[in-house]
There are 2 protein chains.
Amino acid sequence: MKGLPSVERAVAVFSRFPGIGQKSAQRMIYHLLRHGSVEVEQLISSLQMLQDRVHTCRNCYNLAEGDLCWVCEDSRRDPTLLCVIEESSDLMAFEKAGLFNGLYHVLGGRLNPLDGIGPEQLQMNTLQSRLSAGGIKELIIATNPTVEGEATAHFVAQLAQSMGCKVTRLAYGLPMGGELEYLDESTLYQALAGRREF
Amino acid sequence: MKGLPSVERAVAVFSRFPGIGQKSAQRMIYHLLRHGSVEVEQLISSLQMLQDRVHTCRNCYNLAEGDLCWVCEDSRRDPTLLCVIEESSDLMAFEKAGLFNGLYHVLGGRLNPLDGIGPEQLQMNTLQSRLSAGGIKELIIATNPTVEGEATAHFVAQLAQSMGCKVTRLAYGLPMGGELEYLDESTLYQALAGRREF
């Protein structure tokens, strides 16, 4: 906004959020300015709380406010099943579906050499420690079905297999509710290659 | 997010923004948590700057960092033309188009008795003062074409006319690039009622 550097700066900062463009950021800032300082203060205090309280779980590297996250703290979970994922948001998708009763290991990203993300930048050493501590019967790899996710999956699989651990990964195929007509070739290929007897 | 009140709270605060639902707010918070404290700090500092620096112009009640906004400060603007609008964001729409060379008066909302917004809650007294100070040849009403905007327009028109000021308002009609087929009845009615000789 012409002549208002503080508004311009706030718009620039807000448009760095994923899915938020210049226009949406502007709307958000106008909303704040229209609703007065209470709204801005609540926003600041919620951000400060986020900053102060949220850490990563020392066991699985999921987001946590305490020492351990709520999954690791839950004694009813099966500690012999370990699901490896990229981010805490992937964990949330699993937990929302409520289908998995084991523990997780959050890598904190995926291998991406071009962006300088190697195994050292991810929670690979800590994964190795958890595997070598023993007691894990199956490692389920649930990285994203992208090029980098696949590379990460292969790296994790090699690591775990070299330590004698059973490794599985999520099935690839048709998404439920989708239509064949609109499916991309590689998904179709995976669905065909992974076909099972009826 | 289960077990993480600070994340839950931040999501709740962010989903109060217009056009931001629960899901988008979650994505935004995950983005912040993923990008570490630098991003959160920049966000907080931009909000604090907004809070500290942005006031309303003492002349037209547009957003301003100084005493006057950049429109009122600009001596090349025509002070005999005054355009009445609801919000600063409406002013920005005019300024972006670059079609208007007069000054503005930002009401800070629209009349809405059900929400307790009467003339006292808007910048009506200050508008009256500006009109009575003299020198304004034409008052252009540019409130939004909604029920409340119309009511506000009528109120402003009566106020200005009682003070002997010429009052005009924006034309209603077909939006450029639109198609008659998809137009709502009231716009079509306005377009027909306001037809002009070719």
Side-chain angles (χ1 to χ4, degrees), chain A residues 1-14 16-20 23-37 39-54 56 62-66 69-71 73-74 87-89 91-92 95-96 108-109, chain B residues 1-14 16-20 23-37 39-54 56 62-66 69-71 73-74 87-89 91-92 95-96 108-109:
Chain A
M1 191 148 150
K2 220 171 121 192
L4 287 186
S6 56
V7 174
E8 261 171 25
R9 190 178 155 219
V11 169
V13 172
F14 271 77
R16 286 212 295 265
F17 279 113
I20 305 294
K23 199 99 186 180
S24 309
Q26 243 168 38
R27 265 182 85 198
M28 292 169 80
I29 301 303
Y30 278 127
H31 167 89
L32 285 180
L33 291 168
R34 198 155 33 218
H35 285 77
S37 55
E39 195 72 17
V40 180
E41 268 157 30
Q42 287 190 355
L43 203 56
I44 290 178
S45 91
S46 79
L47 288 167
Q48 244 144 10
M49 229 167 130
L50 214 60
Q51 177 100 307
D52 297 342
R53 297 210 192 157
V54 181
T56 49
N62 179 23
L63 298 174
E65 289 200 354
C69 75
W70 72 96
V71 179
E73 262 178 349
D74 186 348
E87 304 278 2
S88 286
S89 45
L91 184 152
M92 282 310 295
E95 289 299 295
K96 211 178 244 165
Chain B
M1 190 148 151
K2 219 171 122 196
L4 288 186
S6 57
V7 173
E8 262 171 23
R9 192 180 153 216
V11 169
V13 172
F14 271 76
R16 287 211 294 264
F17 279 114
I20 305 293
K23 199 99 185 179
S24 310
Q26 244 170 35
R27 264 180 85 196
M28 292 168 79
I29 301 303
Y30 278 127
H31 167 88
L32 286 180
L33 291 169
R34 197 152 36 214
H35 285 77
S37 56
E39 196 73 16
V40 180
E41 268 156 29
Q42 287 190 356
L43 203 57
I44 290 177
S45 91
S46 78
L47 288 166
Q48 244 144 11
M49 230 167 128
L50 214 61
Q51 176 100 307
D52 298 342
R53 297 211 192 154
V54 181
T56 50
N62 179 21
L63 297 175
E65 287 200 356
C69 75
W70 72 98
V71 179
E73 262 178 350
D74 187 348
E87 303 279 1
S88 286
S89 45
L91 184 151
M92 281 311 296
E95 290 299 295
K96 212 177 243 168

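Per chain, numbering begins at 1; letters A, B, ... match sequence-line order.
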Go through A:Ala10, A:Ser37, A:Pro18, A:Gly19 and name the one with the most non-hydrogen pairs under 4.5 angstrom from chain B. A:Pro18
Please identify, among B:Arg34, B:Arg27, B:Lys96, B:Glu73, the residue contributing the most non-hydrogen atom pairs under 4.5 Å to chain A. B:Arg34
Side chain, backbone, both or neither: which part of A:Ser24 has a heavy atom under 4.5 Å from chain B? neither
Identify, with sequence neighbours excluded, every residue that meets side-chain hydrogen bond (donor to acceptor under 3.5 Å, both in side chains) alongside B:Glu87. none
Report which part of A:Arg16 has an atom under 4.5 Å of a heavy atom belonging to chain B: side chain, backbone, both, or neither. both
Single hit among A:Glu65, A:Gln51, A:Arg53 for side chain to side chain donor-acceptor pair (under 3.5 Å) with B:Ser6: A:Glu65
Chain B contact via A:Ser45 - side chain, backbone, both or neither, heavy atoms under 4.5 Å: both
Just how far is it from atom CZ of B:Phe14 to atom CZ of A:Phe17, taken to the nearest 0.5 Å? 4.5 Å
Looking at A:Val54, A:Ile44, A:Ile20, which one has more heavy-atom pairs under 4.5 Å with chain B than the rest? A:Ile44
Just verifying a value: how many Å separate B:Ser88 OG and A:Ile29 CD1, rounded to the nearest 0.5 Å? 13.5 Å
Test of understanding: with ring pair (Phe, Tyr, Trp, His ring centres under 6.0 Å), list the residues that count as partners of B:His35, not counting sequence neighbours. B:His31
Give, for atom CD of A:Gln42 and atom CG of B:Leu47, the distance between the pair rounded to the nearest 0.5 Å. 12.5 Å
Could you tell me which portion of A:Leu43 (side chain, backbone, both or neither) has an atom closer than 4.5 angstrom to a non-hydrogen atom of chain B? both
